[in-house]
Trainee: 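Here it is, the structure in full.
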2 protein chains.
Amino acid sequence: MAETLTTAALTLKDIAREAGVSLATVDRVLHNRPGVRPDTVRRVRDAIERNSFQPHVAAAELARGRARRFAFVMPSGPNPFMQQIEAYLGEMTAWLSARRLNVEMVTTDVFDAAVLAASLETLSGDYDGVAVVALDHPTVRAAINDLVDAGSKVVTLVSDVPSSRRHHYVGIDNIAAGRTAGALVGRLVGGRSGKVAVVAGSQGLRDHAERIFGFNQVMASEFPDLSVLPVLEGRDEDERSEQLLARLLGRHADIVGLYNVGAGTQGVAQALNNKALSEAGRDKVVFVGHDVTALTRRLLLQGVMDAAISQNPGHEARAAVRVLLALARGEPILREQEKIRIDIVMRDNLP
Amino acid sequence: MAETLTTAALTLKDIAREAGVSLATVDRVLHNRPGVRPDTVRRVRDAIERNSFQPHVAAAELARGRARRFAFVMPSGPNPFMQQIEAYLGEMTAWLSARRLNVEMVTTDVFDAAVLAASLETLSGDYDGVAVVALDHPTVRAAINDLVDAGSKVVTLVSDVPSSRRHHYVGIDNIAAGRTAGALVGRLVGGRSGKVAVVAGSQGLRDHAERIFGFNQVMASEFPDLSVLPVLEGRDEDERSEQLLARLLGRHADIVGLYNVGAGTQGVAQALNNKALSEAGRDKVVFVGHDVTALTRRLLLQGVMDAAISQNPGHEARAAVRVLLALARGEPILREQEKIRIDIVMRDNLP
DNA sequence: CTCAAAATGAGTTGCGTACCTCAAAACACC
DNA sequence: GGTGTTTTGAGGTACGCAACTCATTTTGAG
């Protein structure tokens with residue numbers, strides 16, 4: 001009827017007694033300090049293991065004294081998604097200062113490898129942890145590795161650099177996101193056959209490329225009645241996206257679906273809402289895009305957009321902080337908790 | 001370019017000096033202990049406010065000494081959703097014991113108000129916090145209020161008792177969940193017209209009733225071509241659900257959609273997979289249900305089920321612990337973080 | 001066996017708060 | 001003014017660990 005999930009509360013002193021050594025030696029083992037025989041190390045580790053001893057977080061935190069410094073390296077442009085991340089970090093201030101954590105925002109041009117790498121270099125050695133929205137480029141990869149070597153914990157945010165030695169990635173699986181978009185477009189089109197348009201920022205961006213890959217995968221294998229048109233590269237700009245898409249819609253009368261991979265949503269929506277189009281009596285185009293912002297929220301409510309694939313920015317911000325903290329403390333990471341899920345947002349489950 | 005989100009690290013001593021009182025007095029104010037003139041209380045509060053002082057969580061936790069005890073009151077039956085919650089709590093053991101938190105599972109018949117209330121009464125006074133999957137019934141409400149009066153922090157889990165004085169509810173908005181299910185069934189049916197079946201556990205359960213309400217709302221207002229059949233009450237049992245549904249499918253040849261509100265999924269799926277049905281050359285029935293379990297996962301992959309509305313059980317378990325801890329510490333709750341979102345899970349974004 | 005180096009023990013201090021005691025001061029009341 | 005009560009100050013101890021010093025023991029190489 002009742003079952004306890006936790007163990008007794010041992011202290012380092014107990015471990016020392018168990019292992020037959022002094023507190024000083026346990027301390028040396030626990031912090032990988034030199035001057036302990038391998039044999040003794042093993043005995044201490046065994047005692048810790050046997051009793052599944054967990055150092056008291058509060059005591060450890062209190063004893064170390066100095067506060068921890070984390071840096072968030074974010075794009076400098078007016079990106080709503082990033083602004084939301086900043087906003088959520090702002091909401092955590094009480095939480096952060098109660099734990100004596102200092103979080104600093106560093107903005108930079110994350111799309112220029114050299115600039116980004118330079119920004120990262122300036123942080124070297126000064127921070128316990130760094131979260132960075134990273135471009136996947138050799139220069140950036142080197143900068144990240146340098147940070148790691150300097151002792152910082154590094155977490156990539158939103159966009160990963162898998163070839164670097166970063167400690168963790170906080171963000172979604174973009175291939176799965178693309179697959180989900182594909183499934184949604186296919187299903188929501190509802191059996192009609194026709195063409196599907198894809199608008200992306202650039203196929204050079206890792207996350208965009210991966211999403212397109214996943215999207216095509218699903219379309220090819222599961223919706224043979226739908227054919228995907230060549231990807232339009234709108235560079236995440238509204239005007240350009242609108243023009244390209246408008247032209248495409250003009251050329252193909254049988255477009256029934258649209259996947260907008262990145263930003264430029266405003267332009268895409270305008271191209272879809274074009275008067276000439278609706279007057280031609282064409283079917284509604286199923287429109288699936290990314291991220292819940294003020295704009296996409298409105299479009300979903302209006303029925304212009306049918307579904308948004310969303311990675312909760314608040315969750316990303318908080319997860320990044322928690323992961324950095326856990327890494328800095330040497331605690332295990334709750335992988336399930338820190339995993340960023342792919343949310344499907346439709347009108348009725350708008351958050 | 002760089003911006004800090006946190007404030008200086010003051011201590012209680014600083015506040016005492018600021019307010020012109022001694023440490024003891026600050027302590028009395030902070031813990032609402034008696035024996036301080038209202039005027040002095042104000043001076044201390046002002047000093048705290050002015051400096052936006054935050055007590056050091058780690059120090060407070062260390063000083064109080066004794067561990068905190070939390071109880072989770074859960075249904076005793078073999079409910080996969082609840083089992084997942086237990087499993088996720090199990091994964092947190094390291095996290096919990098590092099914070100000296102004791103979590104105990106108490107199983108009981110949560111569907112019997114008297115039994116549940118009795119279980120709650122036995123916990124009175126012994127726990128810092130209680131999370132309970134609660135039936136909304138006057139007896140239970142009273143028991144919850146008693147717990148609150150005895151000094152425990154109380155959180156309702158999955159199913160709420162809004163009229164009680166519980167401190168927090170960790171779970172989804174079930175009306176919105178029903179609306180989402182409605183939108184999914186409607187959209188995935190893809191323009192066909194016909195009838196929609198609804199299978200629930202019982203309309204007496206608050207969460208089921210709310211889901212049905214939301215579902216009907218959307219169906220009525222947005223999908224006039226679909227008519228919802230009277231709700232089948234399967235009592236969350238497989239056999240009963242299967243029989244009822246099979247009979248209904250036999251009577252109505254034009255059922256195109258199905259919403260399974262609660263459990264009994266196995267039976268529902270079997271009724272749908274009935275040979276006689278497929279041999280009759282009928283269209284596929286769009287099937288939307290709740291929760292991602294081993295079973296629904298399989299059904300989604302097989303294409304039998306089209307979408308699952310999910311409230312992430314891991315998230316619920318962790319949120320309940322975090323909320324109880326924050327309440328016990330007197331910390332503010334990060335509402336955005338602890339809000340349980342309604343996830344739409346389809347084959348391609350299976351977690 | 002000798003001696004230096006390596007390993008270990010014993011101990012201290014401090015982190016910021018909770019919680020407690022006891023004495024002193026301020027106050028209210030008659 | 002004296003009395004009793006309320007309010008405040010001063011100080012101590014404890015929590016579990018990090019980080020450090022210094023003395024002592026053990027070890028291994030010559």
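In the text below, chain A, chain B and the rest are named by the order of the sequence lines, each starting its count at 1.
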Trainee: If I take atom CE from residue Met74(B) and atom CD1 from residue Ile85(B), how far apart are they, to the nearest 0.5 angstrom?
Mentor: 4.5 Å
Trainee: Name all residues meeting the side chain to side chain contact (heavy atoms under 4.5 Å, CB included) criterion together with Ala24(B); count only those two or more places apart in sequence or in a different chain, and write none if there are none.
Mentor: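 Result, side chain to side chain contact (heavy atoms under 4.5 Å, CB included) vs Ala24(B): Ser22(B), Arg28(B).
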Trainee: Under the side-chain hydrogen bond (donor to acceptor under 3.5 Å, both in side chains) test, which residues partner Asp160(A), sequence neighbours left out?
Mentor: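 Asp160(A): side-chain hydrogen bond (donor to acceptor under 3.5 Å, both in side chains) contacts with Thr156(A), Arg166(A).
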Trainee: Enumerate, atom names and distances included, each donor-acceptor pair closer than 3.5 Å involving a side-chain atom of residues 313-320 of chain B, sequence neighbours excluded.
Mentor:
unit_1, atom_1, unit_2, atom_2, d
His315(B), NE2, Gln337(B), O, 3.3

Trainee: Please determine whether a side-chain nitrogen of the Lys or Arg among Arg99(B) and Glu61(B) lies less than 4.0 Å from a carboxylate oxygen of the Asp or Glu.
Mentor: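 Salt bridge absent between Arg99(B) and Glu61(B).
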Trainee: For a 4.0 angstrom threshold against heavy atoms of chain A, report the outermost contacting nucleotides of DNA chain D in 5' to 3' order.
Mentor: dG16(D) to dT27(D)
Trainee: Could you identify the nucleotide paired to dG30(D), looking across every strand shown and requiring Watson-Crick or G-U wobble geometry with both distances under 3.5 Å?
Mentor: dC1(C)
Trainee: What is the distance from CZ of Arg99(A) to C1' of dC15(C), rounded to the nearest Å?
Mentor: 17 Å
Trainee: Can you give me the closest heavy-atom contact between Tyr169(B) and Val158(B), atom names plus distance?
Mentor: OH-O, 2.9 Å
Trainee: Kindly state which residues belonging to residues 30-43 of chain A come within less than 4.0 angstrom of DNA chain C, counting heavy atoms of the residue only, listed by number.
Mentor: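 The stretch gives Gly35(A), Val36(A), Arg37(A), Thr40(A) as the residues lying under 4.0 Å from the strand, ordered by number.
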Trainee: Check each residue of residues 12-28 of chain B for a non-hydrogen atom within less than 4.0 Å of any atom in DNA chain D, then write out the ones that pass by number, or none.
Mentor: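 Correct list: Gly20(B), Val21(B), Ser22(B), Ala24(B), Thr25(B), Arg28(B).
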Trainee: Tell me every residue that passes side-chain hydrogen bond (donor to acceptor under 3.5 Å, both in side chains) with Gln54(A), counting only those two or more places apart in sequence or in another chain.
Mentor: none
Trainee: For Ser124(B), which residues count as a side-chain hydrogen bond (donor to acceptor under 3.5 Å, both in side chains) partner, sequence neighbours excluded?
Mentor: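 None.
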Trainee: Tell me, please, which residues at least two apart from Arg17(B) pass side chain to side chain contact (heavy atoms under 4.5 Å, CB included).
Mentor: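 Arg17(B): side chain to side chain contact (heavy atoms under 4.5 Å, CB included) contacts with Asp14(B).
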Trainee: For DNA chain C, which residues of residues 55-64 of chain B approach it to below 4.0 angstrom with any heavy atom?
Mentor: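 Residues of residues 55-64 of chain B under 4.0 Å from DNA chain C: Pro55(B), His56(B), Ala59(B), Ala60(B), Ala63(B).
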Trainee: Atom OH in Tyr127(B), atom CG in Leu120(B): separation rounded to 0.5 Å?
Mentor: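 Nearest 0.5 Å value for the OH-CG distance: 11.5 Å.
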Trainee: Taking 4.0 angstrom as the limit, do Arg42(A) and Asp39(A) come out as a salt bridge?
Mentor: yes
Trainee: So, using side-chain hydrogen bond (donor to acceptor under 3.5 Å, both in side chains) as the criterion, who are the partners of His137(A) when residues are at least two apart?
Mentor: Thr139(A)
Trainee: Under the rule for side chain to side chain contact (heavy atoms under 4.5 Å, CB included), what residues qualify as partners of Asn32(A), not counting sequence neighbours?
Mentor: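 For Asn32(A), the residues satisfying side chain to side chain contact (heavy atoms under 4.5 Å, CB included) (neighbours in sequence not counted) are Arg45(A).
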